[in-house]
2 protein chains.
Amino acid sequence: MKGRLDDLIEIIRPVASLDELSQSIARLRDLLDIDHIVYHAVNASGGQFAALTYPDPWVTEYLDRGYQRTDPVVRGCMQTFHPVDWKTLDWSSRGARDFLGEAMAAGVGNQGVSVPIRGPGGQFALFTANHRCDDDTWARYSGTHLSRLILLAHFVHQKALEVQAGAPPPLARLSPRETDALTLLARGKSRAQAADELVISEHTLRVYIEAARDKLGALNTTHAVACALHGGLIVI
Amino acid sequence: MKGRLDDLIEIIRPVASLDELSQSIARLRDLLDIDHIVYHAVNASGGQFAALTYPDPWVTEYLDRGYQRTDPVVRGCMQTFHPVDWKTLDWSSRGARDFLGEAMAAGVGNQGVSVPIRGPGGQFALFTANHRCDDDTWARYSGTHLSRLILLAHFVHQKALEVQAGAPPPLARLSPRETDALTLLARGKSRAQAADELVISEHTLRVYIEAARDKLGALNTTHAVACALHGGLIVI
DNA sequence: GGCGCCCTCGCTATTTTTGGGGACTTGTTT
DNA sequence: AAACAAGTCCCCAAAAATAGCGAGGGCGCC
């Protein structure tokens, strides 16, 4: 085993830009002794960022054709907590088979393990180890490397967040009653029901909602609930 | 260092029930050589599960008083991806200070690191290492143990999911248009604006919203947006 | 003692959303 | 070939949310 865990993490630690992150991903790939590594984040604003070692033509095609909607790896990882071996995914649909064929043809390995990564506000990213080999070899490899893949996924994502230009948006603070109000609305209560539950008049409740809306700079109640949820201000 | 990582994971691996998980948490605590470990999951249905080593009276008080709403650790972890050292949290509000005082009095250590854990469908859990010692000692400890805490958090959560009787709540799938519709609403657009943006009639948009509401079992649009956001089906 | 924030309540009018119908086309799956 | 899901459009009436005006008491901070 070429790379000790600490060495691997040490590759990520000093990274200071997204470019450097891409280079570090390539070095990780070498140390882990596999064909490809992919870090692919879908950030909150809908933009994407990826640092990966796949051949450029495949990346271009993937993006152009909007394959993230079809990709069984993405879909599978969205639904699970634990890392996913590609073999356990559902490749039966026609779209998935076509996709797989094209990926193989483009130089992507037949074996893979993808680690789903989730952050606050619906952040979602994937960290994938990809290789071309037979099933047994891959089973041995992924068995012994799972822990470090999980950790690398964590640190790579953290670094990506860190070096991303985005300033941490200053989050407004809601008063207890405002929190209560938005929480109940987020749980599907109507204003009347929520007021009832909080044992206040509907009008008072309205005041809270409006205050919360103002504080959050939201355009309407639904938006306010979305913002509050997004910012971890309320819990369903 | 008493516990090698593999030994620690080996404690979790054979666990087959929630009770055993609680016992394993206590063994982990011993091997990690700290005062307390807390695994605390808030599942999507609002229920809670915890496996922890805090004194019972404190647990009871925490639950009775609904402290998860006040607890700065919970609030802080909800908003961040990376593990949180308790010292970096905001303890300035009066509620937070009172809470801290009571926790200390009840036998909780003054130092802590909490690892947020997120899964699909808005799963959220915390894995906390807690200890009573001075700042320097803790800084050394948490520095060297961070990686294993992250991994333990991962494996403990995975095990908790695995042994939990509850069937994994099947999350409805939204069609692309339904996703678009809810996304725009979550961003504060009115139906008219959203329809405009998607270049469809408002009536059509309404059909999507209603379909999404039905699929998600939501009581109204705000609820549907909250559910979708919570379940990671849409991203603001 | 004043300033600001939080909690509480009332009224009216307008705009928006929701819920109930139905109908057509284009795909994919079986 | 039939079934199904998805996308698109329409009308109408009832319910809910929004916007505007107002008022008073309590608490903490400088």
Side-chain angles (χ1 to χ4, degrees), chain A residues 66 69-70 72 75 90-99 172-228 233, chain B residues 69-70 92-98 170 172-227 233:
Chain A
R69 297 184 185 230
T70 321
R75 299 198 76 92
D90 175 19
W91 297 95
S92 64
S93 86
R94 183 179 150 182
R97 277 195 311 271
D98 291 353
F99 170 78
R173 255 217 178 136
L174 300 180
S175 78
R177 281 314 224 183
E178 288 157 2
T179 307
D180 291 342
L182 285 193
T183 302
L184 290 173
L185 293 184
R187 290 182 187 164
K189 302 286 196 300
S190 72
R191 296 205 307 198
Q193 291 173 314
D196 214 48
E197 196 155 317
L198 296 175
V199 202
I200 54 178
S201 78
E202 188 175 337
H203 178 86
T204 302
L205 183 85
R206 214 192 69 185
V207 174
Y208 299 145
I209 298 172
E210 283 173 6
R213 252 202 326 250
D214 286 353
K215 284 188 184 175
L216 296 170
L219 300 165
N220 54 44
T221 301
T222 299
H223 191 200
V225 167
C227 292
L233 265 37
Chain B
R69 299 184 183 229
T70 322
S92 64
S93 85
R94 185 177 149 184
R97 278 196 309 273
D98 291 352
R173 221 166 221 190
L174 300 181
S175 77
R177 281 311 225 187
E178 287 156 5
T179 307
D180 292 342
L182 284 194
T183 302
L184 289 174
L185 293 183
R187 289 181 188 164
K189 302 284 196 302
S190 71
R191 294 206 307 199
Q193 292 172 315
D196 215 49
E197 196 153 318
L198 296 175
V199 202
I200 54 177
S201 78
E202 189 174 335
H203 308 269
T204 303
L205 183 85
R206 215 193 65 184
V207 174
Y208 299 144
I209 299 172
E210 283 173 8
R213 252 205 323 255
D214 285 354
K215 284 188 184 176
L216 296 169
L219 300 164
N220 54 46
T221 300
T222 300
H223 192 200
V225 167
C227 291
L233 267 35

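Sequence lines set the chain letters: A, B, ... in the order given, protein chains first and strands last, and positions in each chain run from 1. What you see below is based on every heavy atom in this structure, not just the backbone, and it leaves out hydrogens, waters and symmetry mates.
- Residue B:His223 comes nearest to B:Gly217 through the heavy atom pair CE1-O, 4.5 Å, listed as atom of the first residue, atom of the second, then distance.
- If you check every strand for non-hydrogen atoms under 4.0 Å, A:Thr204 touches a base.
- Using a cut-off of 4.0 Å between Lys/Arg side-chain N and Asp/Glu carboxylate O, B:Glu202 and B:Arg206 are scored as not salt-bridged.
- With rounding to whole Å, B:Asp180 atom CG is found 13 Å from D:dA6 atom C1'.
- The shortest distance between the side-chain N/O atoms of B:Ser175 and the OP1/OP2 oxygens of D:dA5 is not below 4.0 Å.
- The distance from the CG atom of B:Leu198 to the NZ atom of B:Lys189 is 10.0 Å, given to the nearest 0.5 Å.
- Here the closest non-hydrogen pair linking A:Leu184 and A:Glu197 is CD2-OE2, 3.3 Å.
- Distance, A:Ile209 CD1 to D:dA19 C1': 14 Å, rounded to whole Å.
- A:Asp214 has its CG atom 10 Å from the P atom of D:dG20, to the nearest Å.
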Kindly give the atom pairs (protein nitrogen or oxygen, nucleotide nitrogen or oxygen) under 3.5 Å for nucleotides 14-16 of chain C.
none

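- The CZ atom of B:Arg213 sits 10.0 Å away from the OG1 atom of B:Thr222 when rounded to the nearest 0.5 Å.
- Taking atom NE2 of residue A:His223 and atom P of nucleotide C:dT17, one finds them 15 Å apart after rounding to whole Å.
- For A:Glu210, taking side-chain heavy atoms from C-beta onward, the closest of the listed nucleotides D:dA19, C:dC6, D:dG7 is D:dA19.
- The shortest heavy-atom contact between A:Ala195 and A:Leu205 is N-CD2, 3.9 Å.
- A side chain to side chain contact (heavy atoms under 4.5 Å, CB included) with A:Tyr208 is found for one member of A:Leu174, A:Ile200, A:Leu182, A:Asp180 and no other, namely A:Ile200.
- B:Arg213 has a side-chain polar atom (N or O) that falls below the 4.0 Å cut-off from OP1 or OP2 of C:dG19.
- Taking atom CD1 of residue B:Ile200 and atom C1' of nucleotide D:dC9, one finds them 10 Å apart after rounding to whole Å.
- Between the CG atom of B:Leu205 and the C1' atom of D:dG7 there is a distance of 12 Å, rounded to whole Å.
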Distances for protein N or O near nucleotides 21-28 of chain D N or O, under 3.5 Å:
unit_1: D:dG28; atom_1: OP1; unit_2: B:Arg94; atom_2: NH1; d: 3.1

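- Remark: P of D:dA5 and CG of B:Leu174 are 15 Å apart, rounded to the nearest angstrom.
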Open item on the list: Pair B:Leu185, B:Thr221 - check side-chain contact (heavy atoms from CB on, under 4.5 Å), show working.
Closed with: CA-CA 9 Å; B:Leu185 293 183; B:Thr221 300; 3.5 Å; yes
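- Two residues, A:Lys189 and B:Leu198, neighbour DNA chain D, and the one matched to the more 5' nucleotide by heavy-atom proximity is B:Leu198.
- Of the candidates C:dC6, C:dC9, D:dT8, C:dC6 carries the atom nearest the A:Glu178 side chain, counting heavy atoms from C-beta on.
- Put simply, A:Ser201 has no side-chain N or O that comes within less than 4.0 Å of OP1 or OP2 on C:dT8.
- Atom NZ of B:Lys215 is separated from atom CD of B:Glu178 by 3.5 Å, given to the nearest 0.5 angstrom.
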